[in-house]
Amino acid sequence: MTASKKTNITSIVLLVVTVLSALVLFVPSLMLAMVSDSCSSGCNMAVFTLGYYIAVFGTPLVAITGVVFTIIKMVKKQDAVSFALIGLGGTYGAFMLGLAITFITASLK
């Protein structure tokens with residue numbers, strides 16, 4: 001399916017929102033290290049660290065991947081809105097997954 005001017009503008013706006021979201025979510029993901037302060041000796045730190053790394057590195061990695069695939073589709077003059085939406089949703093999804101893993105691990109004692 002060929003892209004129209006309206007879908008290209010929508011894709012570009014979604015790309016900007018994705019990049020800004022990744023930048024904004026990077027700071028709270030770094031602050032997840034403070035959640036380990038509530039852990040006593042009963043926390044599984046391997047799982048906690050996995051969740052922390054998913055939140056810190058997964059969020060920008062998914063955002064970059066979504067941006068790359070969206071740009072590739074736009075260069076090929078194809079509709080790229082779905083790729084931009086998947087990239088945006090995946091950015092928030094990676095952050096929420098890491099957040100859930102760290103908080104659940106910290107709450108289990």
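We use all heavy atoms of the structure for the numbers below, so side chains are in, but hydrogens, waters and symmetry mates are not.
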Leu25 and its side-chain contact (heavy atoms from CB on, under 4.5 Å) partner, picked from Leu30, Leu99, Thr59: Thr59

Are [X] and [Y] linked, directly or through other ILVMFWY residues, by side chains that come within less than 4.5 angstrom of each other?
{"X": "Val17", "Y": "Phe95", "answer": "yes"}
{"X": "Tyr53", "Y": "Met45", "answer": "yes"}
{"X": "Phe26", "Y": "Leu97", "answer": "no"}
{"X": "Met96", "Y": "Val35", "answer": "yes"}
{"X": "Leu32", "Y": "Val24", "answer": "no"}

Mind checking whether [X] and [Y] have side chains closer than 4.5 Å, heavy atoms only?
{"X": "Ile101", "Y": "Phe48", "value": "no"}
{"X": "Met74", "Y": "Ile12", "value": "yes"}
{"X": "Asp79", "Y": "Lys73", "value": "no"}
{"X": "Ser21", "Y": "Leu88", "value": "yes"}
{"X": "Phe57", "Y": "Ser29", "value": "no"}
{"X": "Leu15", "Y": "Ile71", "value": "yes"}

Short side-chain to backbone donor-acceptor contact, Thr105 and Thr102, under 3.5 Å: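 No, because the side chain of Thr105 does not come within donor-acceptor range (under 3.5 Å) of the backbone of Thr102.
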
Flag, side chain of Thr91 to backbone of Thr18, donor-acceptor distance under 3.5 Å: no

Restricting to non-hydrogen atoms, name the atom on [X] and the atom on [Y] that form the minimum distance, rounded to 0.1 Å.
{"X": "Ser11", "Y": "Ala80", "result": "OG-C, 3.5 Å"}
{"X": "Thr70", "Y": "Gly66", "result": "OG1-O, 2.6 Å"}
{"X": "Ala63", "Y": "Ala22", "result": "CB-CB, 3.8 Å"}

CZ on Phe83 to CD1 on Ile72, rounded to 0.5 Å: 9.0 Å

Thr65 side, atom OG1; Leu61 side, atom CG - distance, nearest 0.5 Å: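 So the OG1 of Thr65 and the CG of Leu61 are separated by 4.5 Å.
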
